[in-house]
Each structure stands twice: as structure tokens, then as C-alpha cells.
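Remarks on the structure that follows.
We number each residue from 1, following the sequence as shown. Only a predicted model underlies this, so the values are computations on that prediction, with no experimental measurement involved.
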Amino acid sequence: TGVGEGLGCWRSLASITLWCQLSNRFGVHANVEQCKTLLNLAGLHCFGLEADPEGRIDAASCEARCCADLSCEVWQFHPEEGCFRGQPHLCGSGHSYAFAKLSVGGRLRPPHAHPGEVMHKGSSIAFSNVLEVEPFEEQADEYMFELEEAAGFGELFKGRRYGPDAEDLEILQYCWPQSRQPPRCCHSSDYHTCWRHPTHWATCCRPGGEGLGDFFVMHDVPAETRANLHRLVPNVDLNRTAFEEKRLQWRWGSEQPSAACSSRVAADSPTSAQVGESLQDLATADSGATLLGVVRFMAAAGIRLSRTFLNIGAGTCGSMDPLYPLLHAPEARGFSGLEVDANASDLEQCSAALATTEAQVTLLNLALDPTTAAQELRAPLSGLFSRSALGAAAEGSESELLPLDVLVVDIDGADCLVADEVVQIAQPKMLMVEIAFHIPPPFRYSMQFDAARSQDLLRQYDVRKLDPIAGCSLSYAVKLFWKRGYYLLRLTHTDAVFIHRSVAHAFEAALGRV
């Protein structure tokens, strides 16, 4: 196999060197007429692209403008949102909002390196879940390459990246190009001429009546080809040494954490056995399962509940909402609470999502901020409690604050500041606040409220877009709510879960000192 100037490319089945074909597509000498789609991105959502200044052009024009811009790697077009192009941070199907479902697009150029960057990447649909600093931990990124026909046959390759190095790239080849078909290559007398290795025949022809395979792993990829494909397949430039050093710096404490973070109680001890399933699964539970588990535990532990909740930033109240599992569980019977959101259309969907709940739910269309939250919520919150319930819940209480059970705050803004105002008029036993986890300990940060800009920010808000300056950091939340009598119980992928000191004794007895 070789490449010569003006001579094109030779390839043999033995070497499968495909970079020579690709070099004409996006080499340094490529011009705009040579742009071809390397990856079809239809149905995916690419983050980090810029809106095209021309506005709402059509898909063909969007692709052409990306092709003409040598710095443009990827273009995406949405019939309602318009054209976006540039160099994406991440393209994925896990973030399948309306944009991804209706978008078309493609990669026209290979990704260029970003030396020194550490990519934060994850698989959950909530943008605040894009937290995995190890980008290859959960599953391999997979990319398909379809090459033009050459020497009478075409090839289809699949690349799976399990790590940042060339050796971490698994290359698979399609079993059945035009030159290799089952009648001749599976059971004919000369079938062995189709395959470079017996395992390829075994994978594709599946002896034993298991049907035909689609791809086989190429174990004999030439080093040069692997290096070139390593450049082609999108990568994450991860400084592992720096990451390990910083991860150790951010760790707090000298003991290994247990399943419930701070527990020192043996798993088979009597106190741990009393906990039951409600707390045993906290180590892997998401926000909704955690909230339901804590409520069940408090009820089982004999803690007097008012059976009330307040959800600020309820949105559509769909399955991703932390209160969804509770409100669709048998425990919902007897609960009452407020679902608060600034978006009226979202609350209409919320009403439909909660149509079958046995809880008594009141919807409030309010845009809360730290200066008005307590004032605007005092009357609606008080309405949740009858005089007898207030008297019973306040019996033995250390304050006259409204005895709320659960407070959830997720407004993609000044979350901690709004929550802090609410706990001036209510004393939730459990507090769940969304955390800006991309700002790690020990840094204390919170978005501040600006009355002059608040309405503009509210009009521009889009739940599908990540605002990196919104919210508060974990260190900020821990310090703020510690002063209000709240202890950190655990973290989920998106939230911090606090419990009030008035109920901490029950958790300490079950899990060890919280």
C-alpha cells in the first residue's frame, strides 16, 4: 500500500490501509469542494457549536457554510432553531431533547486536538449530570466510517474508543462488502481466501446455525493505520496525572467512605439492619429514589411527618423530577404540597403528569428570587397546614417555623440563595438542592441575584442549554446550610441532600454519625 503525489492510492486486503483514501478528504491541502460527510449526526445533539450569524438558513446552506469555513468541523440544522456549526465538545444520543430528535447534520472535518483540556462528560439527559471526569468509564464512544468504493469494492469500518491512546481504539470491519459475500465466503471450497484470520470467518459466518455476524474485530491493524484512525476518531485529551493529583487534593477525610458516605457501622450490625431497603440503596440511588427512600425511612423511624412538600423549579413534573417517585408511590396518599415554576406551559404539563397522584398538589406560576421568595411563599405554605397539624408538628419543636417535610430547589439560577430564604419561614426535614458540581471543593461559589437583569435572564432561559454560572457549588451549600442546622447526608449525580439536625439522630443511629 502506498501513496504518491498525483498517483492516488493503492490498497490491498492484507493491509487495509484506509488513511490514503481519507487524506484527500480532509488533508491540509483540502479545499471546500472536497468536503464530504465523515459522520452522520442526525438524531444527535452536539454541544459547543455556535449559531450561524445568517440565522434561519436551510440545511444545505448550513452544510455549505461549514464546508467553506476551514475551522468548522461539524454542522447541525434544526427546522425551528436554525443552523449551528463549529467544533463540538460532545455529540451524544443520551441528550435526546426536541433538538436532537429533529436535527440533521454531519462531521465534515476530523476533530483537532485541544492540548491540556480535561473533558467533563457523562450519559445522563440532565446537563448538570455531565460530570464524569473519566470520559471512557461507562461505555465506549462508537463511530462509523463508510469509505468510497476502490479497486472494485467498498468497506465499512467502526471505531470504538475505550481510552485516549491509539492502543485504546478498537477497530471493527464490516463482514460483507461488495467483494465478500456469504455464498462464496462462508461455506464454499475457497472460503479461506476471503479472510485474513479464522476468527473473522467464525465471527461473520457464525458456525452452528446462529446466523450471520455484522462486524469482526481487526487485531492486525498496521501501526500507521491505527495512528491515522486515532487522529480521525474524536478523542478527549485527558491529563491523567493532573487529574489524579487534583482528585486526591479534593478528597476530604482519612477513612474509606461506606455505602452511605459517612457510615462507620458494620453492614450486619443491629442498627444497620433496622434501616431496611429505604436507606440500603442510597449509594446508587438517583435523586428521586433518594427522596423516596428518606421519606420512607423517616416514617419507619417514627419521625412525626406533616406530609408536606415544596418543589421550586418543578418544570413539567416528569419522571426526572426528584418528587416524581414519591408522588406516584403509595406513600403519596395524605401528602400535600406546592409545585412552583416560572413557566406556565410547563406547569400545564405538570398538571397532566400528576393527574394520577393521590397527593393534593397546588400549582403556582411564580418566578422566585432571593428577595421575594419568603414573602411570596409564606401564605401558600401556611395553607398546607391546618391548625391541628401545626400544633401537633410543632410539639417539642425548637422553633415556630412551618414544619415542612421536603424542600426541593432546582431553578438553574440562585438556587442556594432561594433555598436559604425559604428556610427562614419553614423548617424542612429534608432539603435537596441542585449543585454546580463542575465547581469542585474547596471553592465556594453561588450565582447572585441582580434585579436589573433578572427579567432578561428569565426570558433568555432555555432548559436545554447549560449555564455554567448558574447554581452554587457544593462547598458553598455545605457552609451555608450548616449555619441553618442542616447536615449533608449524601450526593446524587445532580443534587446535594441535607437533613435537619432535629431528625439527624435517627439517621445517625442507622448509618453512623452523619
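Of all heavy-atom pairs between Pro79 and Leu102, the closest is CD-O, 3.5 Å. For the pair Leu417 and Met447, the tightest heavy-atom approach, listed with the atom from each and the gap, is CD1-O, 3.5 Å. Shown here for Pro428 and Val406, the closest heavy-atom pair between the two residues is CB-C, 4.4 Å. Closest approach of Leu363 and Cys350 over heavy atoms only: CD2-SG, 3.8 Å. Val74 and Cys72 make their closest contact through O-SG, 3.5 Å (heavy atoms, listed as atom of the first residue, atom of the second, distance). Taking both residues in full, the closest heavy atoms of Ala373 and Glu421 are given as CB-CB, 4.1 Å, listed atom of the first, atom of the second, then distance.
Taking 4.5 Å as the limit, some side-chain heavy atom of Cys416 sits within range of a side-chain heavy atom of Phe481. Between Tyr445 and Cys472 the shortest side-chain heavy-atom distance does not fall below 4.5 Å. Put simply, the side chain of Val478 does not reach to within 4.5 Å of the side chain of Tyr486, judged on heavy atoms. For the pair Ile312/Ile411, a side-chain contact is recorded, criterion being any heavy-atom separation below 4.5 Å from C-beta on. Taking the side chain as every heavy atom from C-beta outward, Leu327 and Phe309 approach each other to under 4.5 Å. Proximity of Phe297 to Phe507: side-chain heavy atoms (C-beta onward) are separated by under 4.5 Å at one or more points. Leu291 has its side chain out of reach of Pro325: every pair of non-hydrogen atoms, C-beta onward, lies at least 4.5 Å apart. The shortest distance between side-chain heavy atoms of Arg109 and Leu70 falls below 4.5 Å.
Annotation: salt bridge (charged side-chain N to carboxylate O under 4.0 Å, His left out) contacts of Glu331 (sequence neighbours excluded): Arg296. Remark: Asn365 pairs with no residue by the side chain to side chain donor-acceptor pair (under 3.5 Å) rule, at least two apart or across chains. Under the salt bridge (charged side-chain N to carboxylate O under 4.0 Å, His left out) criterion, Asp52 pairs with Arg65, Arg85, not counting sequence neighbours. Considering only residues two or more places apart in sequence or on other chains, Glu170 meets the salt bridge (charged side-chain N to carboxylate O under 4.0 Å, His left out) condition with Arg160. Every residue meeting the side chain to side chain donor-acceptor pair (under 3.5 Å) condition with Thr372, not counting sequence neighbours, appears here in chain and number order: Asp369, Glu376. In this structure Pro380 satisfies the side chain to side chain contact (heavy atoms under 4.5 Å, CB included) test together with Leu338, Leu364, sequence neighbours excluded. Partners of Asp405 by salt bridge (charged side-chain N to carboxylate O under 4.0 Å, His left out), not counting sequence neighbours, listed by chain and number: Lys429. Every side chain to side chain donor-acceptor pair (under 3.5 Å) that Asn311 has, sequence neighbours left out, goes to Asp321, Glu339. By the side chain to side chain donor-acceptor pair (under 3.5 Å) test, Arg444 is found to be paired with no residue, residues two or more places apart in sequence or in another chain being considered.
Listed for the Asp168 side chain is a donor-acceptor partner under 3.5 Å among the backbone atoms of Asp165. Between the side chain of Gln76 and the backbone N or O of Cys46, at least one donor-acceptor pair lies under 3.5 Å. Of the possible polar contacts, one joining the Ser382 side chain to the Arg378 backbone as a donor-acceptor pair under 3.5 Å is found. Within the 3.5 Å criterion, the main-chain N or O of Cys83 finds no donor-acceptor partner in the side chain of His78.
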Verdict with reasoning, His45 to Ser103, per side-chain contact (heavy atoms from CB on, under 4.5 Å) = CA-CA 8 Å; His45 192 166; Ser103 71; over 6 Å; no
query = Can you check side-chain contact (heavy atoms from CB on, under 4.5 Å) on Leu38 and Leu108, steps first, answer last?
reply = CA-CA 6 Å; Leu38 304 179; Leu108 303 184; over 6 Å; no
task = Kindly determine whether Ser287 and Met432 satisfy side-chain contact (heavy atoms from CB on, under 4.5 Å), including the steps that lead there.
result = CA-CA 8 Å; Ser287 295; Met432 181 177 288; 3.8 Å; yes
request  = Go through the steps for Ser473 and Ile435 under the test side-chain contact (heavy atoms from CB on, under 4.5 Å), then give the verdict.
outcome  = CA-CA 6 Å; Ser473 68; Ile435 297 297; 5.6 Å; no
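The CD atom of Glu63 sits 10.5 Å away from atom CG of Asp58, with the distance rounded to the nearest 0.5 Å. Taken to the nearest 0.5 Å, the CD1 atom of Ile469 stands 11.0 Å off from the CD atom of Gln448. We find the CG-CG distance between Leu407 and Leu402 to be 12.0 Å, quoted to the nearest 0.5 Å. If you take CG on Asp286 and CG on Leu292, they are separated by 10.5 Å, rounding to the nearest 0.5 Å. Summarising the geometry, atom CG belonging to Leu401 is positioned 8.0 Å from atom CD belonging to Gln424; distances are rounded to the nearest 0.5 Å. Annotation: the span from Thr357 atom OG1 to Leu326 atom CG amounts to 7.5 Å, rounded to 0.5 Å.
Taking the six-membered ring wherever Trp is involved, the centroid distance between the rings of Trp75 and Phe84 does not fall below 6.0 Å.
Counting only N and O atoms by type, the side chains of Thr308 and Ser306 include a donor and acceptor under 3.5 Å apart. For Arg490 and Thr290, the side-chain atoms include at least one donor-acceptor pair closer than 3.5 Å.
Applying the salt bridge (Lys or Arg N to Asp or Glu O under 4.0 Å) rule to pairs touching residues 474-486 yields Asp420-Arg484, sequence neighbours excluded. For residues 308-320, the set of pairs meeting the salt bridge (Lys or Arg N to Asp or Glu O under 4.0 Å) definition, not counting sequence neighbours, is empty. Pairs of residues two or more places apart, or lying in two chains, that qualify as salt bridge (Lys or Arg N to Asp or Glu O under 4.0 Å) and include a residue from residues 341-368 are Arg333-Glu358.
At most 12 non-hydrogen atoms from other residues, nucleotides or ligands lie less than 6.0 angstrom from CD of Gln360.
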